[in-house]
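Below is one structure, written out as structure tokens; the observations come after it.
Chain letters run A, B, ... following the sequence lines, proteins first, then strands; residues in each count from 1.
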Amino acid sequence: MTQLTLHDSQRRANVPFQPLDPEHVRVYYCGPTVYDLPHLGNLRAMLTADILTRLLRRLYPRVTFVRNITDVDDKITARAAANNETIAQLTERTTAEFHADLAAMNMLPPDIEPRATHNIEEMVAMIAHLIELGHAYEAEGHVLFAVASFPSYGALSGRDTDELVAGARVEVAPYKRDPGDFVLWKPSRPTQPGWNSPWGRGRPGWHIECSAMSHRYLGENFDIHGGGSDLLFPHHENERAQSLCCFPGSTFANYWVHNAMLLVDGEKMSKSLGNFLTIRDVLARGPVEALRLLLMGAQYHSVLNFTWDGLDEARRTLDRFYRALEMAGPLDVEDRPLPAAFLAALCDDLNTPLAIAELHAMATAALAGNKDAAVDLLASGRTIGLLMQEPEAWFRGEAGDGPSEAEIDALIAERLAARTAKDFARADAIRKELSDKGVMLEDGSSGTTWRRA
RNA sequence: GGUCCGGUGGCAGAAUGGUGAUGCAGCGGACUGCAAAUCCGCGUACGUGGGUUCGAUUCCCGCCCGGACCUCCA
């Protein structure tokens, strides 16, 4: 079996992946805070998780992939108030939209998708235990994690606590013992969501939920923890601190995987900058499968600059792959083993650009008439969530406001008659007419086919 | 200011201590009534200054440039 190598953020190096239990690989990913539609940058992180877990399922007999939904957060509270709806309405709707967007991009659902609000008890228990062990303290209704009680704080993100203090630009709350201390539990006003706890009615800090849910569903020690690189600090650093302190002797995640940011015009795509795009924006310009390919066009560990030209190019690339499949006719990929070079590319720290280059090699062979290569192409593409459609459906697309299939067929028949009669002026007029409406005709040896531009 | 990541041909984007992927775009040709698709052929790159080496795009150091994080963030 090909050895999977991953870039581990904590070791800052590519390392061979060795699961704790080869019979059961366990992965935790930070999911969305459900207050708005996911943007393309969010989707990049979800896609990295999708490719990683798809690959793990190829390599190991059992994989448990947990990805949480953060449904309690001050941004949610604020947005619900602004929308004049309840928090539950907002989070339910946004969660449904999130699921729909991921499904549209052929992402597989996680095995377990816990919600923060369903795990408050676990969080309260962990916080209480952290206080018992001297790693947390109560102050003015808050419970704070005492960074000084954990010597290896900063080891994950590569910072030392002195620097953090020196560089801190945030105002330090006066009740903190140490400027780096962070909130585990905070009091809620009556208008804010809250749960009863030993420290009064309140709500959890952001970081504790992932510690509680990963522990509940994966245990004290598990294999991989992933998320966007912007979560490395403070979120993941804090999760790690809480979990390791709460469960002495445990290791928490053995490998940390962080995807780099998606940029727009050289800047991070983010909601706070307002430069974000959602799937809805993309759909107006091209199929979502092209977006998926575009996001795989750079290795997950590198920043990727989103451009509309890039989306168009990804679509043309898929045209080429689908053309190769179309030429080969019906294919059966059942139980097809993956080509070694393709699998090796994915196992090399999810080197999707190299894997796509392998797809091109398969497509070239398939276009030359090698049907076996076409089967390889389809099997390989589908393992990374591509080439899910029939070629004809890909090329013909949605009619939208263009001519219907019946109208197109009628014009093709008329054009055929004109061509037979050598009336090329009429034939070309029909080609032009359809072309103006976004339908391209292609005369082949077995008749005329068409596709939408 | 601190930490981290990166700078490859017109564009996107890999690998690699020694004959420089892959795709898109461009150019020439074949095929086609015309096109499209396909096929054949062509060109152009390693931010910068040093060092190590028989030899560096690949390793090391300085500098310049870009991005991320240090605050909510995928």
Side-chain angles (χ1 to χ4, degrees), chain A residues 7 9 12 29-33 35 38-49 67 70 73-75 78 154 157-160 162-171 180 206 226-237 258-263 266-273 276 293-294 296-305 307 309-310 312-317 319-321 323-324 326-327 345 348 351-361 363-364 367-369 395 418-419 422-425 427-428 431-432 435 440-445 448-451 453:
Chain A
H7 183 92
S9 305
R12 275 168 269 282
Y29 247 83
C30 290
T33 300
Y35 71 103
H39 66 240
L40 267 34
N42 300 323
L43 292 170
R44 185 185 192 194
M46 300 303 118
L47 182 60
T48 304
R67 186 180 59 215
T70 299
D73 179 277
D74 290 351
K75 285 194 295 294
S157 56
R159 299 157 205 264
D160 69 58
D162 295 341
E163 275 170 15
L164 287 174
V165 176
R169 284 187 274 158
V170 272
E171 217 172 303
W206 175 35
S229 66
D230 51 357
L231 297 183
L232 184 56
F233 188 89
H235 184 52
H236 288 161
E237 189 72 57
H258 289 97
N259 61 278
M261 296 295 97
L262 183 69
L263 310 184
E267 267 199 319
K268 175 181 173 180
M269 180 179 288
S270 74
K271 290 187 179 150
S272 50
L273 289 173
F276 64 94
L293 180 68
L294 169 65
M296 294 193 297
Q299 210 248 7
Y300 78 92
H301 200 239
S302 306
V303 293
L304 171 59
N305 197 28
T307 63
D309 285 347
D312 291 341
E313 185 179 330
R315 187 193 169 165
R316 284 193 295 273
T317 297
D319 280 343
R320 178 171 143 87
F321 293 162
R323 185 74 67 181
E326 182 180 53
M327 182 175 276
D348 179 14
N351 192 336
T352 47
L354 190 56
I356 291 165
E358 292 299 332
L359 293 182
H360 275 291
T364 299
L367 286 165
F395 286 117
R419 290 178 72 207
K422 303 280 187 199
D423 181 1
F424 293 121
D428 289 348
R431 177 195 291 290
K432 177 78 164 47
S435 168
M440 313 299 291
L441 296 185
E442 298 175 356
D443 297 325
S445 55
T448 298
T449 58
W450 59 273
R451 65 189 170 92

task: Ignoring backbone atoms, test whether A:Asn351 places a side-chain nitrogen or oxygen under 4.0 Å from the OP1 or OP2 oxygen of B:rA15.
output: yes
- prompt: Just how far, in rounded Å, is P of B:rU32 from CE of A:Met440?
  reply: 20 Å
query: Atom CG of A:Leu232 to atom P of B:rC4: distance rounded to whole Å?
result: 12 Å
- line: note: A:Asp319, atom CG; B:rA25, atom P; distance rounded to Å ~ 10 Å
query: Expressed in whole Å, how much space separates the P atoms belonging to B:rU71 and B:rC63?
result: 26 Å
- prompt: Out of B:rA35, B:rA74, B:rA37, which has the shortest distance to the side chain of A:Lys268?
  reply: B:rA74
query: For B:rG49, which nucleotide in any strand shown is its Watson-Crick or wobble partner with both distances under 3.5 Å?
result: B:rC61
- request: Provide, to the nearest angstrom, the distance between the CG atom belonging to A:Asp230 and the P atom belonging to B:rC72.
  value: 11 Å
message: Say we look at B:rA45 and B:rU57: how far apart would their P atoms be, to the nearest angstrom?
response: 13 Å
- request: Indicate, with a heavy-atom threshold strictly under 4.0 Å, whether A:His39 touches base, sugar-phosphate, or nothing.
  value: base
message: Taking the minimum atom-to-atom distance to the side chain of A:Ala427, which one of B:rG33, B:rU38, B:rA74 wins?
response: B:rG33
message: Regarding A:Ile356, tell me which of base, sugar-phosphate or nothing describes its non-hydrogen contacts under 4.0 Å with the strands shown.
response: nothing
Distance in angstrom units between A:Glu237 CD and B:rU3 P, rounded: 16 Å
message: Restricting to non-hydrogen atoms, name the atom on A:Arg320 and the atom on A:Ala363 that form the minimum distance, rounded to 0.1 Å.
response: NH2-CB, 4.3 Å
- prompt: In whole angstroms, how far is the C1' atom of B:rG33 from the CG atom of A:Leu441?
  reply: 15 Å
- request: Test A:His236 against every option in A:Cys30, A:Ser157, A:Ser9 by the side chain to side chain contact (heavy atoms under 4.5 Å, CB included) rule and name the one that passes.
  value: A:Cys30
message: For A:Met46, is there any backbone N or O sitting under 3.5 Å from a side-chain donor or acceptor partner on A:Arg67?
response: no
message: What contact category does A:Leu231 fall into here, base, sugar-phosphate, or nothing, at under 4.0 angstrom with non-hydrogen atoms?
response: sugar-phosphate
field: Protein-nucleotide distance (A:Arg315, atom CZ; B:rG23, atom C1'), rounded to Å
entry: 17 Å
- request: Answer with base, sugar-phosphate or nothing: what part of the nucleic acid does A:Met269 contact at a heavy-atom distance below 4.0 Å?
  value: base
message: For a quick check of understanding: with a heavy-atom distance under 4.0 Å over all strands, which category does A:Gly266 fall into, base, sugar-phosphate or nothing?
response: sugar-phosphate
Under-4.0 Å salt bridge between A:Glu442 and A:Arg323: yes
message: By the 4.0 Å heavy-atom rule, please label A:Leu40 as base, sugar-phosphate, or nothing.
response: nothing
message: Using a 4.0 Å heavy-atom cut-off, does A:Gly41 contact any base of the nucleic acid, only the sugar-phosphate backbone, or nothing at all?
response: base
- prompt: A:Arg451 near the nucleic acid: base, sugar-phosphate alone, or nothing, with a heavy-atom cut-off under 4.0 Å?
  reply: sugar-phosphate
field: For atom CD of A:Gln299 and atom P of B:rA14, their distance in whole Å
entry: 7 Å
field: B:rU44 to B:rG10 separation - P atoms, rounded to the nearest Å
entry: 11 Å
- prompt: Touch check for A:Arg431, heavy atoms < 4.0 angstrom, all strands: base, sugar-phosphate only, or nothing?
  reply: base
message: Would you measure the distance from the P atom in B:rU16 across to the matching atom in B:rC59 and give it in whole Å?
response: 10 Å
task: Would you kindly compare A:Gly228 and A:His7 by the position of their nearest RNA chain B nucleotide and give the one closer to the 5′ end?
output: A:His7
A:Asn259 or A:Leu263, whichever maps to the more 5' nucleotide of RNA chain B: A:Leu263
